[in-house]
Amino acid sequence: MEQTYIEDIAHKVGEEVLICGWLYNRRESGKIQFLLIRDGTGVIQAVVTKADGEAFEKALRLTQESSLKVRGTVREDARAPGGYELQIKDIEIVQRVEEKYPIDLKEHGPAFLLDHRHLWIRTPRQTAILRLRHEVMQAIRDFFNERGFIATEAPILTPSACEGTTTLFEVNYFDEKAYLSQSGQLYLEATAMALGRVYWIGPAFRAEKSKTRKHLTEFWMAEAEVAFFDHEQNLKLQEELVKYVIGRCLQKRARELKELGRQTESLERAVAEPFARITYAESLEIINELLKERIASGEVEKLNWGDDFGAPHEEALGQHFGRPVFVEFFPAKMKAFYMEPKPDNPDLVLAADLIAPEGYGEIIGGSQRISDINLLKQRLKDFGLPEEPYQWYIDLRKYGGVPHSGFGLGVERLTTWIAGLEHLRETIPFPRMIYRLKP
RNA sequence: UCCUCGGUAGCUCAGCGGUAGAGCAACCGGCUGUUAACCGGUGGGUCGCAGGUUCGAAUCCUGCCCGAGGAGCCA
């Protein structure tokens, strides 16, 4: 008999099916037992009574997370969680869990759960989050593929610090030093000159000692780079992408969002309304005004020209607009060396960050890239970076340099926002954080 | 790296100077519609580690280790 997945159970009412999965919970009341069985696609309640004989005796032996195959008839029943129920005909125990399962249905602290992450991911809430992450990833790929972008790849092992600012993980590459990539951007600029429109979703590594709910040392970025694209086109593409991804999750993962208790008004608004746009200069005024009381009390720092936003500042901006907001035209000094200056004010750059509402902060950073070879060389000098390691990057401007733009989107940060989570560590199967390398 | 809080049963926690506790989990028993089921019973401890104060330390002090929240850092 072929296996039926629980997510398809609504189409099988009245039929006999085979469910293969694990025991999530068992409740018994004398001569009747209720088994909650999960199979990765959902959870279903199965019922067996003393009159069922052997199946009832087998069910009695089942412990939490024992693996099993159950044959039975599907019926609608309002008393069952989810509305459908399986009347058991036969049970095959695949592996009976003999030891006490570490994770129970009651509360646990974050340290315990993270120590048992390999088992924690089996719970309904975690599987909902991971299915949502899948949808985000898949939507990003579909978005770019539908628009003629070519999926390409950047190396993970890189010879030098690409931007010179972030702390990198060093690895021994034979007898040379190499570093884990913090971004594929520079390499994507090269593939964009080959293929026109490119994207990739890949891991990024940062050895920063950040200890916040918005940082991982290993996270996934969706990066795009487009030849002949200017700053305006870049922002338009980003807005379309974010709207597309959120729209897909709302449409295809309503069940997961409900499971997570996510109120979706803010997401629906992000899809329906144009994103807000302000300049960096305007953002300073708005933030300082919004936070003036907390600044006066010394709780929050006042922002001065050239300051980067802290968490409270991003949060205030997000709350003020209630939808994603682009902050554009930052001072060149506070951003990376490769960003194109604003034509009418070369102290600013054609860059923008996208800030999510509801306190979720920055989810995209992007810019138009310098296309002029002499300006690029000057910028390297200004930032105190050597030319030699960037020779190949400079070549891109020597051989047919063109204006081009791109951005990087933090997959976990976007997923955290869509799911409405407290901490982004739940959006990746095995989070890597400053004090956590296991499991 | 800094600040704050914490580490006691498998888990979540209470106890804060005088014999180590509760709920849940586990195990045993009861119950034919349970919803983190419920009811009764049983077993379960290097009170993070080291030192100090005291007649006596889970409790007070010092140092260290580990964790959480936040700050800083963070194309």
Side-chain angles (χ1 to χ4, degrees), chain A residues 24-36 43-52 56 63-64 77-83 85 87 97-116 120 123-125 161-168 181-186 188-189 204-217 219 221 223 225 299-301 307-315 330 332 334-339 349 351-354 361-362 364-369 383 406-410 413 422-423 425 433-436:
Chain A
Y24 177 62
N25 192 19
R26 183 168 64 89
R27 293 184 277 264
E28 60 166 307
S29 178
K31 298 187 181 63
I32 185 166
Q33 295 181 67
F34 302 93
L35 312 182
L36 286 176
V43 179
I44 190 168
Q45 175 165 288
V47 189
V48 64
T49 66
K50 190 128 192 173
D52 295 316
F56 186 84
T63 47
Q64 193 184 358
D77 194 318
R79 293 171 297 186
E85 195 170 71
Q87 181 63 50
V97 173
E98 303 291 345
E99 287 184 34
K100 181 164 57 182
Y101 188 66
I103 297 187
D104 45 53
L105 276 50
K106 287 271 186 177
E107 63 219 317
H108 293 288
F112 177 84
L113 289 170
L114 286 165
D115 285 342
H116 296 82
W120 184 24
T123 59
R125 178 184 161 83
C162 276
E163 297 180 16
T165 51
T166 302
T167 316
L168 302 175
S181 171
Q182 60 167 333
S183 160
Q185 181 201 313
L186 271 46
L188 278 197
E189 288 184 53
F205 305 88
R206 288 203 300 217
E208 298 296 338
K209 298 197 167 180
S210 299
K211 191 179 174 331
T212 81
R213 63 183 68 184
K214 291 175 187 162
H215 287 89
L216 297 170
T217 55
F219 64 101
M221 274 209 296
E223 296 181 271
E225 203 67 35
E299 183 197 341
V300 175
E301 297 240 348
D307 287 345
D308 221 332
F309 304 154
H313 309 115
E314 282 186 351
E315 196 175 328
F330 294 91
M334 62 184 283
K335 288 289 182 180
F337 72 90
Y338 49 71
M339 295 185 178
V349 285
D353 287 350
L354 182 64
E362 181 185 341
I364 292 183
S367 68
Q368 187 171 326
R369 326 300 194 189
F383 278 75
F407 61 89
L409 176 154
R413 285 191 180 177
E422 283 290 308
H423 199 302
R425 63 189 163 206
M433 295 173 291
I434 175 167
Y435 296 125
R436 191 164 292 278

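Note that the coordinates shown come from a computational prediction; the quantities given were computed from them, not determined experimentally. Quick note on labels: first sequence line is chain A, next is B, and so on, each numbered from 1.
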_I'd like the P distance from B:rC74 over to B:rG67, given in whole Å._
24 Å

*So, the side chain of A:H116 versus the backbone of A:L113: is there a donor-acceptor pair under 3.5 Å, distance only?*
no

*A:R125 side chain near B:rA36 phosphate (N/O to OP1/OP2, under 4.0 Å)*: no

*A:E362 near the nucleic acid: base, sugar-phosphate alone, or nothing, with a heavy-atom cut-off under 4.0 Å?*
nothing

*asked:* Can you measure A:D52 atom CG to B:rU32 atom C1' for me and round it to whole angstrom units?
replied: 12 Å

*Would you classify A:F219 as touching base, sugar-phosphate or nothing, given that sugar-phosphate means primed atoms plus P, OP1 and OP2, and contacts are heavy atoms under 4.0 Å?*
nothing

_Closest approach to the side chain of A:N25, judged atom by atom: which nucleotide of B:rU32, B:rA71, B:rA36 is it?_
B:rA36

*Would you find a donor on one side and an acceptor on the other, under 3.5 Å apart, between the side chain of A:E223 and the backbone of A:G184?*
yes

*asked:* Please give the distance between the P atoms of B:rG69 and B:rC49 as a whole number of Å.
replied: 24 Å

*asked:* Under a 4.0 Å threshold between the charged nitrogen and the carboxylate oxygen, would A:K335 count as salt-bridged to A:D353?
replied: yes

*Relative to the ring of A:H108, is the ring of A:F112 parallel (under 30°), tilted (30 to 60°) or perpendicular (over 60°)?*
parallel

*With rounding to whole Å, what would you report as the distance between B:rU12 and B:rC55 at their P atoms?*
38 Å

*Can you give the dot-bracket line for RNA chain B, using ( ) for pairs inside the strand, [ ] for pairs that cross earlier ones, | for pairs with another strand and . for unpaired bases, where Watson-Crick and G-U count if both distances are under 3.5 Å?*
((((((((.[[[[.)..(..]]]].(((((.......))))).....[[[[[..)....]]]]])))))))....

*Can you check the A:F309 CZ to B:rG72 P distance for me, whole Å?*
14 Å

*Test side-chain contact (heavy atoms from CB on, under 4.5 Å) applied to A:L216 and A:M433, A:R206, A:R413, the passing residue*: A:M433

*Any donor-acceptor pair under 3.5 Å between the side chain of A:K211 and the base of B:rG69?*
yes

_Distance-only donor-acceptor test, A:E28 side-chain atoms vs B:rU34 base atoms, 3.5 Å_ = no

*Rounding to the closest angstrom, what is the interatomic distance between B:rA68 and B:rC16 at atom P?*
28 Å

*Quick one: A:Q64 CD to B:rC24 P, roughly how many Å, whole number?*
16 Å

*Quick one: list whatever passes ring pair (Phe, Tyr, Trp, His ring centres under 6.0 Å) with A:H423, sequence neighbours left out.*
none

*Quickly work out the A:E98 CD to B:rA25 P distance and round it to whole Å.*
20 Å

*Taking atom P of B:rG33 as reference, at what distance in whole Å does atom CG of A:L35 sit?*
16 Å

*With sequence neighbours excluded, residues passing side chain to side chain donor-acceptor pair (under 3.5 Å) with A:T212*: A:H215

*Examine B:rU1: is either OP1 or OP2 under 4.0 Å from a nitrogen or oxygen in the side chain of A:K209? Give yes or no.*
yes

*Using the test side chain to side chain donor-acceptor pair (under 3.5 Å), find all partners of A:N25 that sit at least two apart in sequence or belong to another chain.*
none

_Students often get this wrong, so: under 4.0 angstrom with heavy atoms, is A:A351 touching a base, only sugar-phosphate, or nothing?_
nothing

_Between B:rG17 and B:rU53 - C1' atom distance, rounded Å_ = 12 Å

*Base, sugar-phosphate, or nothing for A:Y435, non-hydrogen atoms under 4.0 angstrom?*
sugar-phosphate

*So what does A:D353 hit on the nucleic acid, given a heavy-atom distance under 4.0 Å: a base, only sugar-phosphate, or nothing?*
nothing

_Rounded distance in Å - CZ (A:F56) to C1' (B:rG33)_ = 13 Å

_Rounded distance in Å - CD (A:E208) to C1' (B:rC73)_ = 6 Å

*Heavy atoms under 4.0 Å, any strand shown: does A:T212 hit a base, just sugar-phosphate, or nothing?*
base

*Whole-angstrom distance between B:rG41 and B:rC31, as gauged at atom C1'*: 16 Å

*Mind listing the closest non-hydrogen atom pair of A:M334 and A:F330 along with its distance?*
CE-CD2, 4.0 Å

*With the side chain counted from C-beta on, respond yes when A:Q185 and A:E225 share a heavy-atom pair under 4.5 Å apart, and no when they do not.*
yes

*Roughly how far apart, to the nearest Å, are B:rA26 and B:rG72 at atom P?*
45 Å

_Taking any heavy-atom pair under 4.0 Å as a contact, classify A:Q33: base, sugar-phosphate, or nothing._
nothing

*asked:* What's the gap between B:rG21 and B:rG15 when it is taken at their P atoms, as a whole Å value?
replied: 15 Å

*Of all residues at least two apart in sequence or in a different chain, which pass the side chain to side chain donor-acceptor pair (under 3.5 Å) check with A:E99?*
none

*asked:* Using the side-chain heavy atoms of A:R27, tell me which of these nucleotides is nearest: B:rU32, B:rC73, B:rA36.
replied: B:rA36

*Between C1' of B:rC74 and CD1 of A:I434, the distance in whole Å*: 12 Å

*asked:* Using heavy-atom distances to pick each residue's nearest nucleotide on RNA chain B, tell me which of A:P81 and A:Y101 is more 5'.
replied: A:Y101

*Determine the contact category for A:H423: base if any of its heavy atoms lies under 4.0 Å from a base atom, sugar-phosphate if only primed atoms, P, OP1 or OP2 are that close, otherwise nothing.*
sugar-phosphate

*A:H215 or A:R425, whichever maps to the more 5' nucleotide of RNA chain B*: A:R425

*Treat primed atoms plus P, OP1 and OP2 as sugar-phosphate and everything else as base, then score nucleotides 9-15 of chain B 5' to 3': B for base contact with protein heavy atoms under 4.0 Å, S for sugar-phosphate contact only, - for none.*
-BSS---

*Quick one: does A:Q33's side chain have a donor or acceptor within less than 3.5 Å of a partner on A:T49's backbone?*
no

